[in-house]
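Below, chain A is the first sequence line, B the second, and so on; all start at residue 1. Only this structure's heavy atoms are used, side chains among them; waters, hydrogens and symmetry mates stay out. All of these numbers come straight from a predicted model, not from anything done at the bench.
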Protein chains: 2
Amino acid sequence: MELKPIAERFVLHWGEMGSRWGVNRTVAQVHALLYLAGRPMDAEEITETLGVARSNVSTSLKELQSWNLVRVVHLKGERRDHFETSADVWELFKLIVAGRRQREIDPTATALRECLANPAIADEEEGTRQRIEDTLKFIEIMSSLADEMLRYKPETLMKTLGVSARISQAIRRKE
Amino acid sequence: MELKPIAERFVLHWGEMGSRWGVNRTVAQVHALLYLAGRPMDAEEITETLGVARSNVSTSLKELQSWNLVRVVHLKGERRDHFETSADVWELFKLIVAGRRQREIDPTATALRECLANPAIADEEEGTRQRIEDTLKFIEIMSSLADEMLRYKPETLMKTLGVSARISQAIRRKE
DNA sequence: CCTTTTTTTCTGTTTTTACAGAAAAGTCTG
DNA sequence: CAGACTTTTCTGTAAAAACAGAAAAAAAGG
């Protein structure tokens, strides 16, 4: 598949964005491509479309599968694995948030708890302990918010976000 | 200043987290150090504490200032610039969100709008156009939510987040 | 099973990013 | 404005990440 100009721009921009958020550029590109294509593609086709090495695509697909962003499907009469992603942005967002929470936020919270539980904390300034505690509290609140979001079906999540924006306005008016 | 064990762990972990989110490790470490220290430090002291090159600290401080996360202060009787950050996690979060929105999210939204406004969009599959539109819509909703958050004083933001979590639960119960 | 197709892993190269040290520029003080 | 101190910029090096191509492994077909 040869990318048309607009799709190409989208895919390249997405790769660029990935880089800025700590996601490998090719990984982001592969995902953007599957998202835009809206149909299962095999690794060979992805390779040709993006113009990267086959091995690179294989690795990227593995990575995307580990985030639950991409799944393997088999098409009848086809031997090759095909890969697809959800066409639902909200669902994708949900998966990304869940993944980053599990891989980065949770371990950080654990590390902070360990810091606070460590007897050596007594050697630190009181203010230091307080700020570590504040940071942990912040992370916990954010995590529980994320939890809430992750419980919804994507469509509901969208509505909920709209609601909370409106409520925020109402609260602000009272201040 | 010699870092005590707990503070060191915090600073190193924060640097590691930075890397994963597209922030230079030293930049993240410098910020974590200023946050934990809870007092203005000069570049020389930061250099010694972190064990990195002076030039590196200079660059990192510039970067942090451009995000409004760190500001210069002058202490009486001291010739050197001193640097401090807010001790308020919420305020820091606000600044980071504002920065990333401005530097990454807004330009992405602009790019997507350009894609949709481009006559060449007619050559793409209908589904492709639809998904680009969905993506833009998603970004716009998220941005307006971010806007809401950024308007509050940090303490209010915290309360608001608590509120929206409770509201989410209420909505879910009705489903 | 053996052959072919497909996928994954491994290894070396390239590219990018981070960084240190030196040089330059700027600032303050007397 | 001379000299010392401080900060920034520049340049080369080192480290890390991304990547391509080849080799190996796995899966499917006959």
Side-chain angles (χ1 to χ4, degrees), chain A residues 1 11-34 40-67 70-84 103-104, chain B residues 1 11-34 40-67 70-84 103-104:
Chain A
M1 186 176 85
V11 168
L12 294 181
H13 186 97
W14 219 250
E16 201 51 49
M17 275 307 102
S19 299
R20 299 215 186 194
W21 290 85
V23 176
N24 177 287
R25 202 184 52 204
T26 307
V27 171
Q29 283 182 5
V30 169
H31 186 248
L33 174 61
L34 289 174
M41 294 176 75
D42 65 60
E44 198 59 43
E45 191 181 6
I46 296 172
T47 299
E48 286 160 12
T49 307
L50 295 180
V52 297
R54 175 58 223 269
S55 57
N56 205 358
V57 169
S58 176
T59 310
S60 297
L61 284 169
K62 273 274 134 65
E63 176 81 8
L64 286 165
Q65 282 171 272
S66 81
W67 283 76
V70 161
R71 56 190 164 276
V72 181
V73 291
H74 286 104
L75 276 53
K76 80 171 169 195
E78 292 266 11
R79 279 178 63 170
R80 296 178 176 171
D81 287 351
H82 283 63
F83 303 89
E84 67 174 7
R103 288 163 199 237
E104 286 142 22
Chain B
M1 185 175 85
V11 168
L12 294 181
H13 187 98
W14 218 249
E16 202 50 50
M17 275 306 103
S19 299
R20 299 216 185 194
W21 289 85
V23 176
N24 177 288
R25 201 185 52 203
T26 307
V27 171
Q29 283 182 6
V30 169
H31 186 249
L33 174 59
L34 288 174
M41 294 177 75
D42 65 61
E44 198 58 42
E45 192 180 6
I46 296 171
T47 300
E48 285 161 12
T49 308
L50 295 180
V52 297
R54 175 59 223 269
S55 57
N56 205 357
V57 170
S58 177
T59 309
S60 297
L61 285 168
K62 273 274 134 65
E63 178 81 8
L64 287 165
Q65 283 171 273
S66 82
W67 283 78
V70 161
R71 57 190 163 277
V72 182
V73 291
H74 286 103
L75 276 53
K76 80 172 170 194
E78 291 268 10
R79 279 177 63 169
R80 294 178 176 172
D81 288 351
H82 283 63
F83 302 89
E84 67 173 8
R103 288 162 199 238
E104 286 141 22

With heavy-atom distances below 4.5 Å as the criterion, would you say the side chains of B:Asp81 and B:His74 are in contact?
yes
Can you give one letter per nucleotide of nucleotides 1-8 of chain D, going 5' to 3': B for a protein heavy atom under 4.0 Å from the base, S for sugar-phosphate only, - for none?
----BSBB
Here the distance between atom C1' of D:dC19 and atom CG of A:Leu50, to the nearest Å, is 13 Å
Looking only at non-hydrogen atoms, find the nearest pair between A:Ile46 and A:Val57 and report the distance.
CG2-CG1, 3.8 Å
Does any non-hydrogen side-chain atom of B:Asp42 lie less than 4.5 Å from one of B:Phe83?
no
What integer distance in Å separates A:Asn56:CG from D:dA22:C1'?
15 Å
Please state how far atom CG in A:Leu75 lies from atom P in D:dA28, giving the value in whole angstrom units.
15 Å
Please report the distance, rounded to the nearest Å, between CD in B:Glu78 and P in C:dT29.
12 Å
Could you walk me through whether B:Val23 and B:His31 pass side-chain contact (heavy atoms from CB on, under 4.5 Å), step by step?
CA-CA 11 Å; B:Val23 176; B:His31 186 249; over 6 Å; no
Are side-chain heavy atoms of B:Ser66 and B:Arg103 found at a separation under 4.5 Å?
yes
Atom-pair distance (CZ on A:Arg25; C1' on D:dA16), nearest Å
15 Å
Whole-Å distance between D:dA18 C1' and A:Glu63 CD?
13 Å
Would you mind telling me which of A:Glu63, A:Glu84, A:Gln65 makes a side chain to side chain contact (heavy atoms under 4.5 Å, CB included) with A:Val70?
A:Gln65
Please confirm whether the shortest side-chain N or O distance from B:Asn24 to OP1 or OP2 of C:dC19 is below 4.0 Å.
yes
